[in-house]
Each structure stands twice: as C-alpha cells, then as structure tokens.
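Values reported hereafter were calculated over all heavy atoms of this structure, with side chains retained and with hydrogens, waters and symmetry mates removed. Indexing begins at 1, ligand by ligand and atom by atom, following the structure's order.
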Amino acid sequence: MLAALRRPLAHVLRLAAALALAGCAAPDETEPGPAPEPTEVAFPATFSWGAATAGFQIETGLADTDWGVWAATPGKIQNGDLPDAGPDAFAHVAEDVAALLAAGLDGYRFSIERARVYPTRAAFDADAPDPAGLAAYDGLLAALDAGGIRPMVTLHHFVWPRYMSDPALAASPQGWERDDAPAVFGAWCRRMAARYGDRVDLWVTINEPNVEAMIGYVAGYFPPGVSDPDRLADVLRRQVSAHAACYDAIHDDDATDADGDGASALVSVASHNRLYEPADPTSAADLAAVAHSRNFWNLWLLDAVVRGDVDLDFDDVVDVTADPGLVGRADYIGLNYYGTSRINAAALKLPYVGVVPAQFDLPNERPKNDLGWDIYPPGFGVVLDEVARYGLPVYITENGIADALDVNRSRFTAEHLFEVGKAIARGIDVRGYYHWSIIDNFEWASGFCPRFGLFQVDFTDPARPRSPTSAVPMLAELATSGRLTKSAIAALPPYQSKPSPCAGF
Ligand code: IFM
C-alpha cells in the first residue's frame with residue numbers, strides 16, 4: 001500500500017485528486033435534448049484510428065527525472081514496481097508497429113522525453129542533444145512511416161528532467177512553478193518542431209495539465225509530492241502560459257513549411273474531462289458543487305487556451321477576457337475520457353478546488369475497471385457535447401480500461417466508440433480515437449497492476465512478449481468497416497465486475 005494512502009489527510013486529498021483523473025451531469029445550455037438511440041453508427045473514411053502511450057510509461061533508462069527519483073523512493077509505487085521492468089518499447093519498435101497494424105490502427109500517439117534528448121541542463125542550454133536519444137525517436141518515426149501510421153507527438157507527459165523538477169527539493173519551486181519553465185518549454189517545443197515538423201503534423205503540448213497539477217501539488221502522490229492548494233493554483237495558471245509558448249513555437253516552425261507538404265500543424269492540449277455527478281441529485285448544494293467541479297476541471301483550461309478567458313482565482317467568474325497571449329492557442333480539442341466522479345458538497349472544502357470528488361468503487365450498479373473506476377459510456381457523450389461549445393475539431397486523445405483478465409475491454413471499447421459515433425451523428429467534428437494504450441505499461445503510482453494494453457505484455461519474461469487481447473480483432477474490424485451496430489455490441493461478452501485489484505490514485 002502506498003504510504004500516501006495511509007495518511008488520513010493525504011487520503012482525503014487523494015479523493016480530491018480524483019477529479020483530475022477521473023467528473024458532472026449538470027444540464028448545459030449547449031446540450032441537445034435526448035435523441036432516439038440509433039441502431040448503427042458510422043465513422044468518416046478520414047477518421048484516425050489510433051492508440052496512445054507516453055515515454056516514461058514504456059521506455060527504460062529515465063532514472064534522472066522527477067518520476068525516476070519518485071519511483072525509486074520506497075513506498076511511492078504499488079508493489080515497488082520500477083519502470084525499467086516495463087515493456088521496453090525501444091527494444092520492440094517493430095513488434096509494436098506490427099501490433100498497431102494488427103489492431104487496424106493508422107495513428108500512434110507517443111511522447112518525446114526531454115530527459116532522453118537533453119539529459120543535463122548544460123546540454124539543454126547549449127542545445128547539444130544526445131545523439132542516441134534523438135536516434136531512438138528518429139527510428140520510431142521511421143518505423144511508423146514505413147507502416148503508414150500517422151504520429152501524434154506529446155511534448156510533455158507528466159515527466160520532467162531532474163534538473164527541472166526534483167522531488168528531493170519539493171519545498172522549492174519545481175517544474176511549472178519555476179520562473180524559467182515557460183521559456184524552457186517554449187525552446188523545447190521549438191527545437192522538436194524544427195527537427196520533426198516535417199514528419200509530424202499532430203501535436204499535444206501538455207498531457208492532462210490538471211492531473212499533473214492536482215496529484216503532484218494537492219494529493220501529493222505524484223512528484224513533487226506536495227499538498228498545497230496555493231501551489232496547485234499557481235501551477236495551473238503557469239501551465240496555460242507554457243502551453244501558449246509551445247503552441248506558438250510549433251506554429252512558427254510550421255509557417256516555414258519546410259517539408260513543403262502544405263499541411264498545417266494541429267496543436268492542442270490533452271484535457272482529462274469527466275462526468276461529474278451529484279451524490280444527491282436532489283441536493284442544491286451538490287448540484288452547485290458539480291457545476292464548480294465541471295468548470296474547474298473540464299472547462300477552465302480549455303476556456304483559457306481557446307477563448308483566452310481566464311478565471312484567475314477559480315471562483316467560476318472570468319477575470320480576463322480574450323487574453324491576446326492565450327486566445328486561439330488550440331487547433332482542436334484533445335479529449336481524454338475515462339469515466340465519472342461523484343461530488344458530495346458536504347465533503348472537505350479545499351481552496352480553489354472546492355469539494356472532494358470520488359471516483360473509486362462508487363456506490364452504484366455500474367461495472368468497474370481494475371482500479372475501481374465506473375465504466376459509464378454515456379458520460380462520454382456528455383463530455384463530447386460539453387466541448388462542442390468551442391467549435392473546434394475533437395480528437396479523443398485517450399480512452400481505455402484497466403482490465404488484466406481481458407474480460408471487459410471489447411465491450412468497453414465498442415460501447416465508448418458507439419458514443420463517439422453518436423456524437424459525430426449529432427454534428428460534433430470528432431476526427432480520431434486513440435485507445436489508451438497499445439501495450440500494458442507503467443501506470444504511475446499504481447505500477448504494473450493496471451493493465452491498459454490492447455496487447456498484454458508478460459513482464460515476467462525477459463523477452464517481454466506481447467499478445468493480443470480480445471479487443472484487437474473487434475477494433476480491427478471496426479476500423480476497417482467504419483461502422484458499428486448495436487447488435488454487434490450485444491453479441492460481445494457481458495461486463496464482469498470484480499473487486500479492484502489495483503491501488504488507485
Ligand atoms: O496512464 C494514464 C496516462 O498517462 C494519462 N491518462 C490516464 C492514463 C490512465 O490512467
């Protein structure tokens with residue numbers, strides 16, 4: 001059991017952090033009324049079918065990062081799992097590209113790790129990238145290209161080089177809190193765009209800024225391991241500036257169209273949005289708390305980077321409108337959806353955050369994944385309708401299930417994709433779906449317990465063999481036909497609920 005989970009305050013704060021990883025059902029003025037349930041949905045021929053990963057979760061040799069230090073600290077990771085015992089992706093590039101193709105996919109989202117390219121601050125300052133680091137990503141991109149797979153590149157997925165964030169020095173400014181963070185991040189993005197812009201047109205600047213901030217700075221079980229809502233608020237405000245610096249850097253490079261393909265880069269953040277539901281639907285206090293949770297977690301970031309509207313003190317009132325330094329810094333909405341959160345207004349109140357949401361083993365009849373999260377496909381439709389207000393294309397940058405026994409993944413995936421198909425039929429411009437993940441990987445504080453892979457990895461075998469789950473043929477057929485029927489879903493095995501084996505966030 002994680003040390004953080006044993007402490008009562010940390011336990012309470014951990015529940016607050018559930019917002020970040022996990023969501024609200026207040027009616028919204030943009031929500032259409034209920035439509036009759038279709039018997040079939042269709043996906044456009046141009047739809048991107050993909051899977052997603054992140055560097056630290058699948059690579060080895062990233063000890064000199066905040067997460068490397070964190071993972072090596074006793075008590076921080078379930079079962080003491082170490083990331084280097086993971087799927088070792090760079091040793092299996094050909095297999096993993098073959099896995100993508102076997103699942104019928106033509107898109108792959110991955111992250112480039114700054115600590116692999118610039119292992120030291122001196123190397124970063126001198127812009128002297130590590131040749132082996134670059135070669136690793138060059139090789140991956142070449143293999144994807146040979147397989148006809150379009151890359152989507154994330155430039156920050158939770159992990160910092162240790163010279164930018166060090167859990168051993170958690171009391172001082174770390175990561176996004178550092179005054180040099182926006183400039184350093186902007187330079188990083190500019191260099192990666194200059195190097196890879198000819199091969200990459202789809203970019204994610206920051207993955208789930210709210211998750212990184214909440215769990216790192218309030219719940220405290222991600223590095224730097226702090227419990228301080230003021231620092232959380234500071235980090236959230238700084239992340240949007242850093243995102244804008246990165247967005248501008250990529251587009252500056254793209255404007256040169258060095259590859260001459262005439263295609264514009266599409267740049268955004270990946271926002272982790274949830275369905276927030278009241279503990280008591282008849283309670284006005286719970287409904288108000290749900291509305292705040294939705295603003296705080298689902299909309300705050302997107303309002304800032306799409307409209308330039310910033311609610312500086314998180315009181316649900318916009319303080320800055322159409323900030324020229326932020327407005328228009330998203331070309332699409334990157335949406336990560338995993339499920340629901342329950343909001344009880346009587347729970348502990350935290351500055352900015354408000355009430356404590358819950359996402360584990362919620363008292364309802366819904367099936368659960370191996371982390372105890374609700375499986376609730378209709379919530380996907382709600383969060384898709386919610387982001388329709390921005391009038392931008394949408395990429396589902398993540399959606400998936402922890403399912404070690406491979407009993408629920410096929411139905412989960414099909415039912416969630418049916419909701420995506422319904423959203424497309426309602427007129428929402430959803431352009432792609434990236435399953436989390438292509439292979440089992442290091443699930444942060446929960447180690448290797450949660451198995452999110454379309455392909456299972458045997459971590460006990462030094463060869464780290466991959467084997468397909470039952471969702472692979474189902475997804476391949478769907479990606480090929482571009483249509484999904486209710487009767488095909490009905491023929492899939494029913495959900496099996498079981499006690500959650502993994503310690504959750
Ligand atoms: O594994 C994570 C990923 O890194 C970010 N989004 C949620 C996934 C599942 O928890």
Worksheet item: Which of the numbered atoms in ligand 1 are below 4.0 angstrom from a heavy atom of E208?
Response: 5 (C), 6 (N), 7 (C)
Worksheet item: Who gets closest to atom 8 (C) of ligand 1 by heavy atom: F158, F452, Y338?
Response: Y338
Discussion item. If you take the nearest heavy atom of each of E398, H272, E443, which one is closest to atom 7 (C) of ligand 1?
Written reply: E398
Fill in: Plane angle bin for F222 and W444 - parallel if under 30°, tilted between 30 and 60°, otherwise perpendicular
tilted
Worksheet, complete the sentence: Counting from 1 in the order shown, the ligand 1 atoms closer than 4.0 Å to a non-hydrogen atom of N207 are 5 (C)
Item to complete: Indicate, as side chain, backbone, both or neither, the part of W373 found under 4.0 angstrom from ligand 1 when only non-hydrogen atoms are considered.
Response: side chain
Worksheet item: Are the side chain of Y337 and the backbone N or O of H416 linked by a donor-acceptor pair below 3.5 Å?
Response: no
Item to complete: Answer side chain, backbone, both or neither: which part of H157 comes under 4.0 Å from ligand 1, heavy atoms only.
Response: side chain
Worksheet, complete the sentence: Distance col, row L484:CG vs L478:CG, nearest 0.5 angstrom, shows 5.0 Å
Discussion item. In this structure, is the centre-to-centre distance between the rings of F185 and W176 below 6.0 Å?
Written reply: yes
Worksheet item: Below 6.0 angstrom between ring centroids: does that apply to W160 and W67?
Response: no
Worksheet entry | Matching residue for T397 among V269, L202, N336, T154 - test: side chain to side chain contact (heavy atoms under 4.5 Å, CB included) | N336
Discussion item. If you measure every N or O of N336 against every N or O of ligand 1, does any of those distances drop under 3.5 Å?
Written reply: no
Worksheet item: Quick check: does Q57 get an N/O under 3.5 Å from an N/O on ligand 1?
Response: yes
